[in-house]
Amino acid sequence: MVNHVVDGTNLRSDGPTGTAGAVYPPLVLVHGVGLDLHLWDLVVDVLAVDRLVIRYDLFGHGHSDDPPGPRSIDDFVSQCLGVLAATTIEDTAGRTPDLAGLSLGAMVALAVGARHPQAIGRLVAMNAVFNRTADQIEGPRARLALTAAEGMGPVADLAIARWFTIDWQVEHPERAAAVDERIRTTDLDGYLKAYGLFVEGDPAMPAGAARITAPTLALTGERDTGSTPAMSRAIALAVVDGQSRVLSGLGHLPPIEAPESWSAALLEFLDRPNQP
């Protein structure tokens, strides 16, 4: 494991580089709003066996900078492109990295795929919002207003209740507590800027999805009420080479809820041979 800071972005790399044991192209992971690169702690060892894995903190999250002014999707796209470029340098074989993001991270990944299709190999949009209706935006907009008025505590409570069942929380109290603490300690201003962007969405979507040429997997949890299975199916239909998969019984954070089955689903897609 190696820590880096690239242009104000905190990132971490795991696994082999170049041709020294790296069977597959590098993989860049993008977390969701209110979280950080530790979202991937339970899966990185499995993912990094045969590939270089780079995970990083979005602007305003974790240990990355929070540039002044409002936040746009283009800011996050530029940040991701910087990470992808650093990954290409670190992988001495020069392979084009794969890109996978969850929630806001999925929005960023889709935006990169639409605006810079040559920058990525395969794309995974996990628990992604897509082409939401006005009704579907009402809940996130209300949570944004609540957070602006009362801080991170209430939104942390709501997130834990939405993302995890009571039974799961009882079985995995340490994981639930870690997510709760991560949200509560996220910088309020950085969160509000990122979540405001998440609420309003990428103005280039859904039409921009047609410009994504990377083989794409839209992966979500069966119980995810915000990033629904229907949205994942719509993403798969909108891109040139898309497929969708729904993980039974899971909600919004499958890498934490069920790291083994989530990793297997991701690797099944990433490791498959290229089609002729």
Side-chain angles (χ1 to χ4, degrees), residues 30-35 39 58-61 70-77 80 99-115 123-149 154-164 179 183 186 190-212 214 216-240 242-247 250-255 257:
V30 194
H31 66 80
V33 64
L35 303 173
L39 169 66
L58 289 169
F59 286 139
H61 291 70
R71 193 75 73 241
S72 72
I73 189 65
D74 290 328
D75 295 326
F76 283 134
V77 167
C80 188
L99 179 62
L102 185 145
S103 195
L104 174 59
M107 185 181 293
V108 174
L110 290 169
V112 170
R115 291 163 172 80
L123 190 157
V124 184
M126 297 172 281
N127 300 80
V129 296
F130 188 74
N131 200 19
R132 290 175 292 185
T133 66
D135 288 344
Q136 289 171 326
I137 297 175
E138 283 186 4
R141 189 165 286 146
R143 290 190 289 274
L144 176 64
L146 176 66
T147 307
V155 76
D157 292 338
L158 291 171
I160 296 301
R162 289 196 333 275
W163 294 350
F164 306 123
V179 174
I183 298 171
T186 296
Y191 180 89
L192 290 174
K193 289 191 284 188
Y195 200 68
L197 164 63
F198 178 76
V199 169
E200 298 308 320
D202 181 354
M205 295 295 172
R211 298 194 294 272
I212 297 172
T216 298
L217 172 65
L219 180 67
T220 197
E222 178 187 25
R223 295 188 305 97
D224 195 331
T225 58
S227 312
T228 65
M231 292 179 189
S232 287
R233 289 190 286 269
I235 293 170
L237 291 173
V239 302
V240 174
Q243 60 181 278
S244 64
R245 182 167 179 177
V246 177
L247 298 176
L250 299 183
H252 191 62
L253 294 184
E257 294 172 85

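Position 1 is the first residue of the sequence, and the numbers go up from there.
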Peer 1: Using only atom types and a distance under 3.5 Å, with no angle test, would you say the side chain of Asp157 pairs donor to acceptor with the backbone of Pro154?
Peer 2: no
Peer 1: To the nearest 0.5 Å, how far apart are CZ in Arg143 and CZ in Arg162?
Peer 2: 3.5 Å
Peer 1: Let me know which of Leu102, Leu39, Leu99 forms a side-chain contact (heavy atoms from CB on, under 4.5 Å) with Val30.
Peer 2: Leu99
Peer 1: Less than 4.5 Å apart, any side-chain heavy atom of Phe76 and any of Leu104?
Peer 2: yes
Peer 1: Tell me which donor-acceptor pairs under 3.5 Å the side chains of residues 226-240 have, and how far apart each pair is, sequence neighbours excluded?
Peer 2:
from	atom 1	to	atom 2	distance (Å)
Ser227	OG	Asn127	O	2.8
Thr228	OG1	Met231	N	3.2

Peer 1: State, yes or no, whether a side-chain contact exists between Leu247 and Thr220 at a heavy-atom distance under 4.5 Å.
Peer 2: no
Peer 1: State, to 0.1 Å, how close Val129 and Met107 come at their nearest heavy-atom pair, and which atoms those are.
Peer 2: CG2-CE, 3.7 Å
Peer 1: How close do Trp163 and Arg223 get, heavy atom to heavy atom, and via which atoms?
Peer 2: O-NH2, 3.6 Å
Peer 1: Mind checking the CG-CD spacing from Leu250 to Glu222? Nearest 0.5 Å is all I need.
Peer 2: 8.5 Å
Peer 1: When rounded to the nearest 0.5 angstrom, what is the spacing between CZ in Phe198 and CG in Leu144?
Peer 2: 11.0 Å
Peer 1: Evaluate the side-chain contact (heavy atoms from CB on, under 4.5 Å) criterion for residues Leu253 and Phe164: first the C-alpha distance (whole Å), next the side-chain angles of each, then the deciding distance (0.1 Å), finally the verdict.
Peer 2: CA-CA 8 Å; Leu253 294 184; Phe164 306 123; 3.8 Å; yes
Peer 1: Which residues satisfy the salt bridge (charged side-chain N to carboxylate O under 4.0 Å, His left out) test with Arg132, sequence neighbours excluded?
Peer 2: none
Peer 1: Taking side chain as C-beta onward, heavy atoms only, is Val179 less than 4.5 Å from Ile160?
Peer 2: yes
Peer 1: Do you know the tightest heavy-atom contact between Val246 and Gly221?
Peer 2: CG1-C, 4.1 Å
Peer 1: Are Glu200 and Arg141 close enough, and set up right, to give a side-chain contact (heavy atoms from CB on, under 4.5 Å), and what steps lead you there?
Peer 2: CA-CA 9 Å; Glu200 298 308 320; Arg141 189 165 286 146; 3.2 Å; yes
Peer 1: Could you go through the side-chain contact (heavy atoms from CB on, under 4.5 Å) check for Val33 and His61 one step at a time?
Peer 2: CA-CA 8 Å; Val33 64; His61 291 70; 3.8 Å; yes
Peer 1: Can you tell me if His31 uses its side chain to pair, donor with acceptor, with the backbone of Leu58 under 3.5 Å?
Peer 2: yes
Peer 1: Just how far is it from atom OG1 of Thr147 to atom OH of Tyr195, taken to the nearest 0.5 Å?
Peer 2: 7.0 Å
Peer 1: Does Glu138 have any salt bridge (charged side-chain N to carboxylate O under 4.0 Å, His left out) partners at least two apart in sequence or in another chain, and if so, which?
Peer 2: none
Peer 1: To the nearest 0.5 Å, what is the distance between CG on Leu123 and CG on Leu217?
Peer 2: 9.0 Å
Peer 1: Search all heavy atoms of Val77 against all heavy atoms of Ala111 and return the closest pair with its distance.
Peer 2: CG2-CB, 3.6 Å
Peer 1: At their closest point, which heavy atom of Thr186 faces which heavy atom of Gly60, and how far apart are they?
Peer 2: CG2-O, 4.2 Å
Peer 1: Leu197 versus Asp75: any side-chain heavy-atom pair under 4.5 Å?
Peer 2: no
Peer 1: Check step by step if side-chain contact (heavy atoms from CB on, under 4.5 Å) holds for Arg115 and Asp202.
Peer 2: CA-CA 12 Å; Arg115 291 163 172 80; Asp202 181 354; 2.8 Å; yes
Peer 1: Looking at every heavy atom in both Met205 and Ala114, which two are closest together, and how far apart are they?
Peer 2: CE-CB, 3.7 Å
